[in-house]
Amino acid sequence: MMPDRCDVVVIGAGAAGMMAAARAGQRGRATVLLDHAPEPGRKILISGGGRCNFTHLDASAERFLSENRHFARSALAGYTPRDFLALVERHRIAWHEKTPGQLFCDNSARDIVAMLQAECDAAGVACHWPVSVSVVTVEHGRGTRFRVVTDRGAMACASVVLATGGLAIPKLGATDFALRTARQFGLGIVETAPALVPLTDANADASLAGVSLSARASIGKIGFADGLVFTHRGLSGPAILQISSYWRQDDIMLDLLPGRDAFAALREARSARPRAQAASVLHGLVPARLAAKLAGELALPDVTAGNLPDRVLRVIAQRLSAFVYRPGGTEGYAKAEVMRGGIDTRDLDQKTLEARNVPGLFCVGEAVDVTGWLGGYNFQWAWASGHAAGMAA
Ligand SMILES: Cc1cc2nc3c(=O)[nH]c(=O)nc-3n(C[C@H](O)[C@H](O)[C@H](O)COP(=O)(O)OP(=O)(O)OC[C@H]3O[C@@H](n4cnc5c(N)ncnc54)[C@H](O)[C@@H]3O)c2cc1C
């Protein structure tokens with residue numbers, strides 16, 4: 001049975017909501033945690049390929065996108081990656097560092113959900129799911145300010161934590177509830193869009209699907225060197241997912257030989273196999289299927305490699321290291337790892353995540369206009385913002 005009144009109602013039992021509920025409960029607040037899904041933490045369960053990349057040790061504010069780049073600093077400093085790691089270790093969850101700073105579970109993302117559930121249970125949080133929340137309204141009672149209306153009855157409470165996440169992966173239960181409720185209470189919304197998402201283009205060559213290589217994808221000064229994968233509809237891979245968060249119809253510069261001088265590499269290839277076909281200068285520099293495609297596109301002259309003039313090598317080098325890629329769109333929320341944009345941080349207190357003009361209303365996690373890079377940053381924001389709100393609600 002759900003109580004008809006309590007101190008704090010946390011709506012959304014994902015990463016941020018479970019953290020917020022555990023913290024509020026630990027402070028002795030009578031806390032109720034609700035979710036419309038039949039189980040908590042579904043995105044945690046599928047994250048990091050089932051092993052949950054639960055944080056990144058360098059979670060500085062520069063690794064996050066937001067209209068106010070400084071907003072996240074306070075919450076991130078109040079609950080750091082080391083704090084979360086200490087919690088993970090207290091629960092004896094085995095973990096490893098995959099790339100520098102990027103931490104994953106050794107066994108399963110289930111360990112993280114079980115840990116958060118254990119924290120909530122120990123703090124006396126009343127967990128209820130599946131519960132569908134229809135609306136939050138203002139209702140001043142004795143010690144209460146809000147009324148949360150659900151399909152299992154209504155609850156009066158002093159604080160509401162909106163932790164229903166963003167719009168990515170609707171088939172896992174993502175909704176616009178947080179955005180809608182924030183708007184209803186007069187908070188601003190920064191335009192939302194799919195982020196950490198594969199890009200599409202009408203000219204994608206399906207015959208290249210599956211070809212992968214290291215590349216650098218950049219827009220202006222911001223760039224990411226990492227894996228790139230050709231898909232049936234365009235491009236994916238970590239370098240593309242990262243740059244997708246910054247993409248707004250701009251051209252993307254692709255360097256398929258990151259960190260190398262393409263012209264020098266081509267000259268070396270020419271001297272190594274002077275009697276081979278011209279296209280052989282590309283072999284070994286990029287995967288064979290891509291090399292064949294580029295050779296066709298560049299219409300290399302019918303000469304041996306040794307007879308290719310520097311002028312032609314420069315053209316090939318340009319194509320390899322400074323290709324202007326113009327995506328037509330993205331794969332959308334169905335394939336996005338996160339949503340960018342969201343509840344405007346100008347309307348929130350940076351220390352507590354409480355709405356400036358609506359005392360008692362807190363907004364946390366992905367619903368807020370703070371979007372992390374790929375690599376564990378989004379969870380760190382969820383833990384840190386959940387912690388901040390849970391300590392204040
Ligand atoms: C495939 C995939 C892999 C990812 N891997 C990583 C990773 O390894 N590392 C990383 O840092 N980030 C990763 N992310 C991003 C990360 O999962 C999210 O940023 C994070 O879960 C956001 O936390 P949140 O608590 O704000 O929202 P969520 O975790 O999405 O939780 C929101 C909760 O609210 C519930 N809810 C929604 N609407 C309602 C409603 N109307 N009523 C009641 N409940 C509702 C949902 O059921 C859900 O339980 C990944 C995302 C995806 C999609």
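Numbering of ligands and ligand atoms starts at 1, following listing order.
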Gln350 and His70: side-chain hydrogen bond (donor to acceptor under 3.5 Å, both in side chains), yes or no, with the steps?
CA-CA 9 Å; Gln350 61 181 358; His70 303 295; over 6 Å; no

Set of side chain to side chain donor-acceptor pair (under 3.5 Å) partners for Ser207, sequence neighbours left out:
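Ser207 satisfies side chain to side chain donor-acceptor pair (under 3.5 Å) with Asp205 once adjacent residues are dropped.
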
The one among [options] that brings a heavy atom closest to [atom]:
atom	options	answer
atom 31 (O) of ligand 1	Gly166, Ala168, Gly375, Gly14	Gly14
atom 47 (O) of ligand 1	Ile169, Leu374, Asp35, Thr181	Asp35
atom 21 (O) of ligand 1	Tyr333, Phe379, Trp129	Phe379

Enumerated ligand 1 atoms positioned under 4.0 Å from heavy atoms of [X]:
X	answer
Ile46	1 (C)
Val338	15 (C), 19 (O)
Asn378	11 (O), 12 (N), 19 (O)
Gly173	37 (C), 38 (N)
Glu366	18 (C), 19 (O), 20 (C), 22 (C), 26 (O)
Thr175	37 (C), 38 (N), 39 (C), 40 (C), 41 (N)
Tyr377	11 (O)
Phe177	41 (N)

Any N or O of [X] closer than 3.5 Å to N or O of ligand 1:
X	answer
Ala16	yes
Ala15	yes
Gly48	yes
Gly12	no
Arg42	no
Asn53	yes

Could [X] and [Y] be called an ion pair, given the rule that one side-chain N must be under 4.0 Å from one carboxylate O?
X	Y	value
Glu62	Arg73	yes
Arg260	Asp255	no
Asp251	Arg326	yes

Answer yes or no: is there a donor N or O on one side and an acceptor on the other, between the side chain of His96 and the main chain of Lys98, under 3.5 Å?
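Checking the backbone N and O of Lys98 against the side chain of His96, no donor-acceptor pair under 3.5 Å is found.
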
CD of Gln117 to CG of Asp121: how many Å apart, nearest 0.5 Å?
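If I round to the nearest 0.5 Å, the distance is 4.5 Å.
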
Does any donor atom in the side chain of [X] or [Y] lie under 3.5 Å from an acceptor atom in the other side chain?
X	Y	value
Thr80	Asp83	yes
Trp381	Glu366	no
Ser66	Asn68	no

Nearest protein heavy-atom contact for [atom]: which residue, which atom, what distance?
atom	value
atom 27 (O) of ligand 1	Gly165 CA, 3.5 Å
atom 30 (O) of ligand 1	Lys43 CD, 3.6 Å
atom 43 (C) of ligand 1	His36 N, 3.3 Å
atom 5 (N) of ligand 1	Ser47 CB, 3.2 Å

Run the contact test for Glu337 against ligand 1 with a 4.0 Å cut-off on heavy atoms, strictly below, and give the result.
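Yes.
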
Report the part of Pro40 (side chain from C-beta onward, or backbone N, CA, C, O) that has a heavy atom under 4.0 Å from ligand 1; answer both or neither where that applies.
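Answer for Pro40: neither.
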
Other residues, nucleotides, ligands: >12 heavy atoms within 6.0 Å of Asn357 CG
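No.
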
Quick check: are there more than 12 heavy atoms from other residues, nucleotides or ligands sitting under 6.0 Å from CZ of Arg356?
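Yes, because the 6.0 Å sphere around CZ of Arg356 holds more than 12 heavy atoms from other groups.
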
Does the ring of Phe323 carry Arg319 above it, NZ/CZ under 6.0 angstrom from centre and within 45° of its axis?
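Yes, Arg319 sits over the ring of Phe323.
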
Would you say Thr304 and Gln277 make side-chain contact, with heavy atoms under 4.5 Å?
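Not touching, per the 4.5 Å side-chain cut-off.
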
